2 protein chains.
Amino acid sequence: MKMHNPPHPGEVLKELCIEPLNLTVTEAAKALGVSRKTLSAILNGRAGISPEMAIRLGKAFDTSAESWLNQQMQYDLWQAEQVVGNIEVKRLSAA
Amino acid sequence: MKMHNPPHPGEVLKELCIEPLNLTVTEAAKALGVSRKTLSAILNGRAGISPEMAIRLGKAFDTSAESWLNQQMQYDLWQAEQVVGNIEVKRLSAA
DNA sequence: GCAACTAGTAACGTTATGGGTTACATTTAG
DNA sequence: CTAAATGTAACCCATAACGTTACTAGTTGC
């Protein structure tokens, strides 16, 4: 049922990109062209990765923007399901 | 280089779900548990598909919420690239 | 003609979120 | 001690999803 809590993309960013390269948050933020606050918020799970941010990450770390947005999507979806997973919706498929 | 303009998920919703079942916007909105305005905005490309909406669509049409969010992601990413695709970002990958 | 249904949308409000700057407290390196 | 780095609070701005109400148009049936 794929019920595992997806990690926040910020964690992944930190562990797979920032730390391995020994980058400081300040440096990375400058390189990415965003404020230190913005990057910090992402790294600490207090903000999501926007499409624009995904593009920046893709360019900076030579990865695909999609991969970042995909992680964010998985995370957002899981969060939404925790909150609103029980809503009642009428089945329209088998009309 | 995959440079095609992704369709707005609302178009797909309309063509693949609403129209084939001969559903009115009013009916579908009621079944989904959202306002007519909200559905209308999505169908006409003036609003995106939120995680919550993706869950509703998944339940109503017996599809995966991921597929809807994925389409939205592709669309958002393409839009963002059109606007902010030329930003300069320092390469941090080959540190 | 007229009533009923449908659809788009403008106007208004609420809540959430990304992003920016400034400033403060804390920790760590020299 | 001093300087750098980090987290974060306070404040501002813009965008966006969602809701209700209400107006404007089409369409359909009587």
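Labels below follow one simple rule: chain letters A, B, ... track the order of the sequence lines, proteins then strands, and each chain is numbered from 1. All values derive from a computational prediction rather than experimental measurement.
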Rounded to the nearest Å, what distance is computed from the [atom1] atom of residue [X] to the [atom2] atom of nucleotide [N]?
X     : N      : atom1 : atom2 : answer
B:N44 : C:dA10 : CG    : C1'   : 14 Å
A:N22 : D:dT6  : CG    : C1'   : 16 Å
B:H8  : D:dA16 : NE2   : C1'   : 12 Å
B:Q79 : D:dT15 : CD    : C1'   : 14 Å
B:L57 : D:dA17 : CG    : P     : 13 Å

Item checked: Phosphate contact (D:dT6 OP1 or OP2) by A:T26 side-chain N/O below 4.0 Å ->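 Yes, within the criterion.
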
Note to self: Does a side-chain N or O of A:S40 approach OP1 or OP2 of D:dG7 to a distance below 4.0 Å, or not?
What the structure shows: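 Looking at the OP1 and OP2 atoms of D:dG7, one of them is under 4.0 Å from a side-chain N or O of A:S40.
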
Dump the pairs, protein N or O against N or O of nucleotides 17-20 of chain C, anything under 3.5 Å, distances to one decimal.
| unit_1 | atom_1 | unit_2 | atom_2 | d |
| --- | --- | --- | --- | --- |
| C:dG18 | OP1 | A:G48 | N | 2.8 |
| C:dG19 | OP1 | A:S50 | OG | 2.8 |
| C:dG20 | OP1 | A:S35 | N | 3.3 |
| C:dG20 | OP2 | A:S35 | N | 3.0 |
| C:dG20 | OP2 | A:S35 | OG | 2.8 |
| C:dG20 | OP2 | A:T38 | OG1 | 2.2 |
| C:dG20 | O6 | A:K37 | NZ | 2.5 |

Next item on the list: Could you walk me through whether A:L39 and A:L13 pass the side-chain contact (heavy atoms from CB on, under 4.5 Å) test, one step at a time?
Entry: CA-CA 10 Å; A:L39 219 208; A:L13 218 204; 4.1 Å; yes

Next item on the list: Search all heavy atoms of A:K59 against all heavy atoms of B:R91 and return the closest pair with its distance.
Entry: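 Looking at all heavy atoms of both residues, the shortest contact is O-NE, 3.1 Å.
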
Next item on the list: Taking all non-hydrogen atoms of both residues into account, name the closest pair between B:L92 and A:A28 and its distance.
Entry: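 For B:L92 and A:A28, the tightest heavy-atom pair comes out as CD1-CA, 4.3 Å.
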
Check: Do B:I55 and B:W68 have side-chain heavy atoms sitting under 4.5 Å apart?
Finding: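 A side-chain contact under 4.5 Å is absent here.
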
Next item on the list: Could you please spell out the steps behind the side-chain contact (heavy atoms from CB on, under 4.5 Å) verdict for B:I49 and B:Y75?
Entry: CA-CA 10 Å; B:I49 293 184; B:Y75 181 82; over 6 Å; no

Notebook entry, point to check: Can any side-chain N or O of B:H8 pair as donor or acceptor with the backbone N or O of B:R46 at less than 3.5 Å?
Noted result: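 No.
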
